[in-house]
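Structure first, commentary second.
Just so it is clear: chains get the letters A, B, ... in the order the sequence lines come, proteins before strands, and each one is counted from 1.
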2 protein chains.
Amino acid sequence: MTASAARADTRPSPRKHAGNDAARRIDADEIGLDALVGHAGYAVRRFQIWIFQDFVRTLRAVDIRPTQYSVLTVIGANPGLSQMAVAKRLGIERARLVHLLDSLEQRKLVKRIKSKADRRSHALHLTAPGETALAKFKRLAAEHERHVEEKIGKANRERLLEILAGFT
Amino acid sequence: MTASAARADTRPSPRKHAGNDAARRIDADEIGLDALVGHAGYAVRRFQIWIFQDFVRTLRAVDIRPTQYSVLTVIGANPGLSQMAVAKRLGIERARLVHLLDSLEQRKLVKRIKSKADRRSHALHLTAPGETALAKFKRLAAEHERHVEEKIGKANRERLLEILAGFT
DNA sequence: CGACAATTGTTGTCGTCAACAACAATCTTC
DNA sequence: GAAGATTGTTGTTGACGACAACAATTGTCG
């Protein structure tokens, strides 16, 4: 079979785009997604990107990204945790957490205290400025959460949280 | 206020982990997430990671990742699209799409045909083997989707798709 | 007790992905 | 026809997940 350029006839009718290929401008919103609609993963991925971007935008003034926020929140609620414990709880590689904590420690938000019980591990604590900063971050995060509500609706947001409660 | 090491008293009761910091082993499932619970972004992120991994695992035999699958699906449903159109529709950077298509073209699943109408752009088509391969990918993707159903429940999956329909 | 396995933090590499910036070729617009 | 926009491409940067290796330390078990 030769792979010549003009074999646009035996295809099982792809629904859109009549006749002449690429002869006409196509707006992005008239392109069919076919099997993609109905895939939970695709919708979740697009939604996650949107949420992520809104979070970053909303917290840009304080320069805190979602992962950093999750680390600070967990340490704030459970002071004294080891890096392993935080990593496991948040599903972060402990290798990755090292860099995250390096950054947060440089910014004086977190401190690593050598544990006396297990001299391999560090007990993680918020600094005093870290605690006040986290309070501010939480206010901004709540604002971001309101954006989510505006986007998908208050009831839908709550249903979403219920459905995905098992993954937290 | 001095930031000395022994200031664990004036904190507003972090709920868990009584008394002596880091003196006791802590299981990951007894660590409180505090403000993280109630953040849609956190739950969605964790869920997205789970879905992603299951998709990759389910389609590992054919070596197709989620983004590649989405590209193939859109091209299959809308042959002749330009790279710009595909990128815009899927929310992919056009720079990123270049590499994706390079890979798919090397594997003879997709071909770029120089458009005569606009000689800057390429009309994207599936090859004949690309079409049959995509059919197989779709079967495997459907299997993955069943995994999602098992994980969160059939009804919840459908509610999820409704809630996030606006993002597709 | 002492050798050996496991854990903790760390460093490093690799590959995926989003976000930009710059560029040549080509189209559009005036 | 000149100026500006678009398309594909190349390259860089940074966040992130996955892995592998390592030193220091702890746990275990003979």
Identify the residue among A:Arg94, A:Arg112, A:Lys88 that makes a side-chain contact (heavy atoms from CB on, under 4.5 Å) with A:Gln83.
A:Arg112
Between D:dT25, C:dC17, D:dT7, which nucleotide gets closest to the side-chain atoms of B:Ser121?
D:dT7
From D:dG17, C:dG9, C:dA25, nucleotide with atom closest to A:Met84 side chain
C:dG9
Nearest 0.5 Å, please: how far is CG in B:Leu81 from NE2 in B:His125?
9.0 Å
Ranking D:dA5, C:dT7, D:dG17 by distance to the side chain of A:Glu93, first place goes to D:dG17
Distances under 3.5 Å between protein N/O atoms and the N/O atoms of nucleotides 10-12 of chain C, please, pair by pair.
| unit_1 | atom_1 | unit_2 | atom_2 | d |
| --- | --- | --- | --- | --- |
| C:dT10 | OP2 | A:Gln83 | OE1 | 2.9 |
| C:dT10 | OP2 | A:Gln83 | NE2 | 3.0 |
| C:dT10 | OP2 | A:Arg112 | NH1 | 2.7 |

Flag side-chain contact, heavy atom, 4.5 Å: B:Ile64 against B:Leu72
yes
Near-ring test A:Tyr42/B:Phe167, centroid separation under 6.0 angstrom:
no
Would you sort out whether A:Val86 and A:Leu101 count as a side-chain contact (heavy atoms from CB on, under 4.5 Å), showing the intermediate values?
CA-CA 11 Å; A:Val86 171; A:Leu101 288 174; over 6 Å; no
Separation of atom CD1 in B:Ile49 from atom C1' in C:dT16, rounded to whole Å:
13 Å
Just verifying a value: how many Å separate A:Leu134 CG and A:Lys136 NZ, rounded to the nearest 0.5 Å?
12.5 Å
Whole angstrom value for the distance that separates P of C:dT16 from CD1 of B:Ile64
12 Å
Looking at the side chain of B:Arg45, which of D:dG17, C:dA18, C:dC17 is the nearest nucleotide?
D:dG17
As an exercise, state the distance from CZ of B:Arg159 to CD1 of B:Ile163, rounded to the nearest 0.5 Å.
7.0 Å
Taking atom P of C:dC17 as reference, at what distance in whole Å does atom CG of B:Leu90 sit?
13 Å
Could you identify which residues of residues 50-59 of chain B place a heavy atom less than 4.0 Å from some atom of DNA chain C, listed by residue number, or say none?
B:Phe52
Between P on C:dG9 and CD on A:Glu105, what's the gap in Å once rounded to a whole number?
13 Å
Are the ring centres of B:His147 and B:Phe55 closer than 6.0 Å?
no
Do A:Arg120 and D:dT26 share a donor-acceptor pair, side chain to base, under 3.5 Å?
no
Distance in angstrom units between B:Lys114 NZ and C:dA25 P, rounded:
13 Å
Whole-Å distance separating the CZ atom of A:Arg65 from the P atom of D:dG17
11 Å
Rounded interatomic separation in angstrom, taking CD1 from B:Ile92 and C1' from D:dT7:
16 Å
Is there a side-chain contact (heavy atoms from CB on, under 4.5 Å) between A:Val44 and B:Phe52 once you walk through the steps?
CA-CA 10 Å; A:Val44 169; B:Phe52 198 85; over 6 Å; no
Counting any heavy atom closer than 4.0 Å, what does A:Leu97 reach on the DNA or RNA strands: base, sugar-phosphate only, or nothing?
nothing
From CG of B:Asp63 over to P of C:dG15, roughly how many Å is that when rounded to an integer?
13 Å
